[in-house]
Enquirer: 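The structure follows.
Hydrogens, waters and symmetry mates play no part in the numbers below; they use all other heavy atoms, side chains included. Every chain is numbered from 1, with letters handed out A, B, ... down the list of sequences.
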2 protein chains.
Amino acid sequence: MTVSRALREPERVSVKSLSRIRAVIARLGYLPDPAAQALAAGRTNVIGVIVPSVTNNVFADVMRGVYAAAEDSRWQVQLGNSRYSPLEEERLVKTFLSQRPAGLIISGIDQSDETRALLRTSPCRIVQIMEISDQPLDMMIGFSHLEAARAATRHLLAMGYTRPGFLGARLDPRTQRRLAGFRDVAAAAGLLEDRRIVTTPQASTVTLGGLLMADLLSRAPETDAILCNNDDLALGALFECQRRGIAVPGKIGICGFNDLEMMAAAHPAISSVRTHRYEMGERAMRMLAAALDASEPAEPVVDLGFEVVERQSTLRP
Amino acid sequence: MTVSRALREPERVSVKSLSRIRAVIARLGYLPDPAAQALAAGRTNVIGVIVPSVTNNVFADVMRGVYAAAEDSRWQVQLGNSRYSPLEEERLVKTFLSQRPAGLIISGIDQSDETRALLRTSPCRIVQIMEISDQPLDMMIGFSHLEAARAATRHLLAMGYTRPGFLGARLDPRTQRRLAGFRDVAAAAGLLEDRRIVTTPQASTVTLGGLLMADLLSRAPETDAILCNNDDLALGALFECQRRGIAVPGKIGICGFNDLEMMAAAHPAISSVRTHRYEMGERAMRMLAAALDASEPAEPVVDLGFEVVERQSTLRP
DNA sequence: CGCTCTACTGGTAGCGCTAACATTTGTCAA
DNA sequence: TTGACAAATGTTAGCGCTACCAGTAGAGCG
């Protein structure tokens with residue numbers, strides 16, 4: 001018992017015992033068995049993180065933030081990949097909950113009803129990331145994809161483009177909200193043309209960006225600006241324009257979404273909507289840790305916002 | 001006991017009991033407690049995966065393969081991020097081993113002596129990935145970075161370039177072996193010039209590729225071809241050339257490494273060395289699963305090879 | 001000196017499961 | 001009907017910890 005206490009509440013053990021215990025631990029190379037700890041204590045130090053993709057740069061950045069914040073804390077991160085499938089997400093939530101995690105970080109606000117029920121009745125704290133709404137399961141940190149797409153579209157119109165189009169892939173709920181934002185603003189300006197909206201359920205790649213651009217150009221050659229639902233598509237679209245000798249931004253303006261590092265380095269530099277992915281992961285983890293240590297509710301919903309970063313690719317000459 | 005058996009060895013339980021048990025499990029929403037299973041059985045279904053970065057595209061692809069192979073199997077993947085630090089790696093190995101994992105997938109062959117000792121004495125099966133050598137800890141799957149860089153350099157020379165340079169960032173052991181391969185072949189052809197080798201310890205980004213290219217051009221403007229130690233640098237270098245109006249491949253040939261998807265989509269399409277990252281992750285996981293189920297050694301070292309993909313960016317006119 | 005109080009240490013049960021062995025039930029041949 | 005054997009099911013102990021409570025030692029006080 002004293003050894004157990006020495007490891008968890010060292011301030012309640014005498015200095016003498018503490019040093020003896022530590023010496024023996026070092027000599028034997030003792031490591032506590034987390035399974036036994038979990039079983040006896042009825043809880044773990046596991047923070048489950050469920051994201052829809054481990055490959056996508058966006059979630060890679062979020063994960064980096066989560067790992068950075070978990071670093072040097074007693075919390076251990078465990079990653080689950082739902083592959084954009086609500087069913088897979090439900091399965092993952094069940095698996096995680098059976099481990100009695102201390103907390104859960106889960107992407108998005110579109111969980112299935114059963115998943116929501118499971119999460120609500122579980123004793124663990126939850127942070128939803130990537131989006132915001134006024135109905136958090138528990139805590140929430142993200143930004144409005146609708147507003148971000150609206151702002152980006154307004155930027156295109158403000159630059160003087162009058163025939164805007166949209167390239168979209170992998171229409172997950174967030175992507176759809178972005179498309180809705182685009183439609184909103186374009187329609188309000190009387191500039192919405194459905195044939196300038198090209199989407200596909202396939203996963204985003206740079207190559208796909210080129211293909212969608214080619215498709216758009218054949219269907220609506222008058223298009224003078226595009227909002228892409230992510231930066232991979234934007235880069236692919238730029239390359240396609242270069243291949244065809246179409247001047248960017250002279251003939252067509254291109255705006256991406258997420259502002260990956262390469263957007264600033266491209267030639268021309270590509271305008272994009274900066275989202276705070278790393279910070280989102282880091283703060284989600286910190287919110288969870290704070291809630292678990294203090295058991296006080298803290299700020300339940302955090303809006304990290306976004307910024308439209310205007311670069312050459314949307315600079316109408 | 002019959003319930004426990006029904007879950008693990010259903011063929012040893014009568015059909016009648018099995019259906020009753022399954023009905024009750026479904027009704028109660030019962031999920032086994034993995035901590036109790038681990039404690040009682042003295043082993044887990046956890047496969048630990050230790051990679052040096054969760055952000056890097058290369059490891060993201062490897063992880064995707066690992067997760068794909070773990071899918072629908074009884075193995076559960078747990079990810080650890082060593083952030084290119086041997087000390088952090090050692091800490092992670094200890095943490096993982098305390099969980100009695102069934103297996104471990106670990107990147108590279110440059111573990112510290114203590115890490116190697118820990119791994120050797122542990123009862124769990126191990127697959128080293130990313131590289132090959134003739135001294136596997138247990139199993140191994142990867143390719144020779146030295147040979148890959150040699151082949152890429154030979155390609156540049158075969159295309160008629162005579163003043164080759166090298167751009168390198170984040171000089172981890174694999175990167176250094178690539179640089180060694182470049183030096184080898186360039187020196188053998190009498191074309192090695194140290195001032196055409198520009199490296200930095202910073203992490204690779206597209207922006208950094210541009211900066212290194214600018215640096216190289218100021219130090220060795222005669223350079224007519226570069227091998228980049230990864231594709232981010234190659235893309236950045238291409239953009240920098242475009243900004244300066246330097247024709248690629250006319251004036252300078254560019255070759256990347258890894259053949260990320262965007263290399264083929266770029267304009268001009270960028271030559272690169274294709275490495276089988278997804279397959280490496282997938283097969284590492286399968287090798288582990290096979291070894292754990294059969295307890296037979298299987299093929300201990302698998303060389304996945306590589307291919308030099310020749311595209312426009314190294315097409316000497 | 002005995003009492004109280006605090007600081008520390010120790011004893012016991014049990015978390016939910018599985019390994020190993022024990023027992024019961026069922027089947028079939030003689 | 002019985003015995004032999006296989007199939008199915010049950011019993012027991014214990015995995016390595018922690019929660020809870022029970023000590024025990026030493027200090028301080030009147």
Side-chain angles (χ1 to χ4, degrees), chain A residues 1-46 48 74-76 78 94-103 118 121-124 292-293 295, chain B residues 1-48 73-76 78 94-103 118 121-124 292-293 295:
Chain A
M1 252 335 285
T2 303
V3 173
S4 175
R5 205 171 277 129
L7 290 166
R8 290 173 301 131
E9 308 168 279
E11 71 282 0
R12 296 182 23 102
V13 174
S14 69
V15 182
K16 199 178 136 218
S17 307
L18 209 54
S19 64
R20 269 182 66 208
I21 288 168
R22 288 193 171 147
V24 175
I25 282 177
R27 184 158 56 77
L28 301 180
Y30 167 84
L31 283 173
D33 180 331
Q37 288 179 312
L39 186 59
R43 56 185 153 65
T44 63
N45 291 331
V46 170
R74 65 205 175 91
W75 307 110
Q76 207 195 326
Q78 184 142 0
K94 281 181 190 158
T95 309
F96 274 128
L97 289 182
S98 76
Q99 292 181 59
R100 306 172 190 286
L118 280 166
T121 55
S122 95
C124 84
L292 289 168
D293 285 336
S295 280
Chain B
M1 243 345 274
T2 303
V3 173
S4 175
R5 209 172 271 131
L7 290 166
R8 290 173 301 128
E9 308 168 280
E11 70 282 359
R12 294 180 29 100
V13 174
S14 70
V15 182
K16 198 178 135 218
S17 306
L18 208 53
S19 65
R20 271 181 64 208
I21 288 169
R22 287 192 172 147
V24 175
I25 282 177
R27 184 159 55 79
L28 301 179
Y30 168 84
L31 284 172
D33 181 331
Q37 288 180 311
L39 186 59
R43 57 187 153 64
T44 63
N45 291 333
V46 170
I47 303 287
S73 77
R74 63 204 177 93
W75 307 111
Q76 206 195 327
Q78 183 142 1
K94 280 182 189 158
T95 308
F96 274 128
L97 289 183
S98 76
Q99 292 181 59
R100 306 174 192 287
L118 279 167
T121 55
S122 95
C124 82
L292 289 168
D293 286 335
S295 280

Enquirer: Tell me the bend of the helix from dC1(C)-dG30(D) to dA30(C)-dT1(D) as the angle between end helix axes, each from five pairs, rounded to the nearest 10 degrees.
Expert: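 What I find for the helix from dC1(C)-dG30(D) to dA30(C)-dT1(D) is an axis angle of 50°.
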
Enquirer: Ser17(B): what forms a side-chain hydrogen bond (donor to acceptor under 3.5 Å, both in side chains) with it, not counting sequence neighbours?
Expert: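 For Ser17(B), the residues satisfying side-chain hydrogen bond (donor to acceptor under 3.5 Å, both in side chains) (neighbours in sequence not counted) are Ser14(B).
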
Enquirer: How many angstroms lie between atom OH of Tyr30(A) and atom CG of Leu7(A), to the nearest 0.5 angstrom?
Expert: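 Answer for the OH-CG pair, Tyr30(A) versus Leu7(A), is 6.0 Å.
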
Enquirer: Of all nucleotides in DNA chain C with an atom under 4.0 Å from a non-hydrogen atom of chain B, which is the first and which the last going 5' to 3'?
Expert: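 Range of nucleotides touched by chain B: dG16(C) to dA20(C).
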
Enquirer: Map Ala41(B) and Thr2(B) onto DNA chain D by nearest heavy atom, then report which one ends up closer to the 5' terminus.
Expert: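 Per heavy-atom nearest nucleotide, the more 5' residue is Thr2(B).
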
Enquirer: Applying side-chain contact (heavy atoms from CB on, under 4.5 Å) to Arg8(A) and Arg74(A), what does each step give before you reach the verdict?
Expert: CA-CA 11 Å; Arg8(A) 290 173 301 131; Arg74(A) 65 205 175 91; over 6 Å; no

Enquirer: What's the separation between atom CH2 in Trp75(A) and atom CG in Asp293(A), rounded to the nearest 0.5 Å?
Expert: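 It comes to 6.0 Å.
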
Enquirer: Nearest 0.5 angstrom please: Gln78(B) CD to Ile47(B) CD1, how far?
Expert: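 Here the interatomic distance stands at 11.0 Å.
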
Enquirer: When rounded to the nearest 0.5 angstrom, what is the spacing between CG in Asn45(B) and CD in Gln37(B)?
Expert: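 One finds 7.0 Å between CG of Asn45(B) and CD of Gln37(B).
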
Enquirer: Would you compute the distance between atom CD1 of Ile21(B) and atom NZ of Lys16(B) and round it to the nearest 0.5 angstrom?
Expert: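 One gets 11.0 Å once the value is rounded to the nearest 0.5 Å.
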
Enquirer: OP1 or OP2 of dC17(D) versus the side-chain N and O atoms of Gln37(A): is any pair under 4.0 Å?
Expert: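 It does not, given that no N or O in the side chain of Gln37(A) lies less than 4.0 Å from OP1 or OP2 of dC17(D).
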
Enquirer: Counting only heavy atoms and a strict 4.0 angstrom limit, can you tell me which residues of residues 4-25 of chain A come near DNA chain C?
Expert: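 Under 4.0 Å from DNA chain C: Arg5(A), Val13(A), Ser14(A), Ser17(A).
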
Enquirer: Any idea which heavy atoms bring Ala102(B) and Leu292(B) closest together, and the distance?
Expert: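 Closest approach of Ala102(B) to Leu292(B), heavy atoms only: O-CD2, 3.3 Å.
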
Enquirer: Could you go through nucleotides 12-14 of chain D and list every protein N or O atom that sits under 3.5 Å from one of its N or O atoms, giving the distance for each pair?
Expert:
none

Enquirer: Measure the CG-OG1 distance between Leu39(A) and Thr44(A) for me, rounded to the nearest 0.5 Å.
Expert: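 Going from the CG atom of Leu39(A) to the OG1 atom of Thr44(A) covers 12.0 Å.
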
Enquirer: Would you please name every residue forming a salt bridge (charged side-chain N to carboxylate O under 4.0 Å, His left out) with Arg5(B), sequence neighbours left out?
Expert: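 For Arg5(B), no residue satisfies salt bridge (charged side-chain N to carboxylate O under 4.0 Å, His left out) once neighbours in sequence are set aside.
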
Enquirer: State whether the side chain of Ser98(A) and the backbone N or O of Leu31(B) hold a donor-acceptor pair below 3.5 Å, judged by distance alone.
Expert: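 Pair absent, no side-chain N/O of Ser98(A) close to backbone of Leu31(B).
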
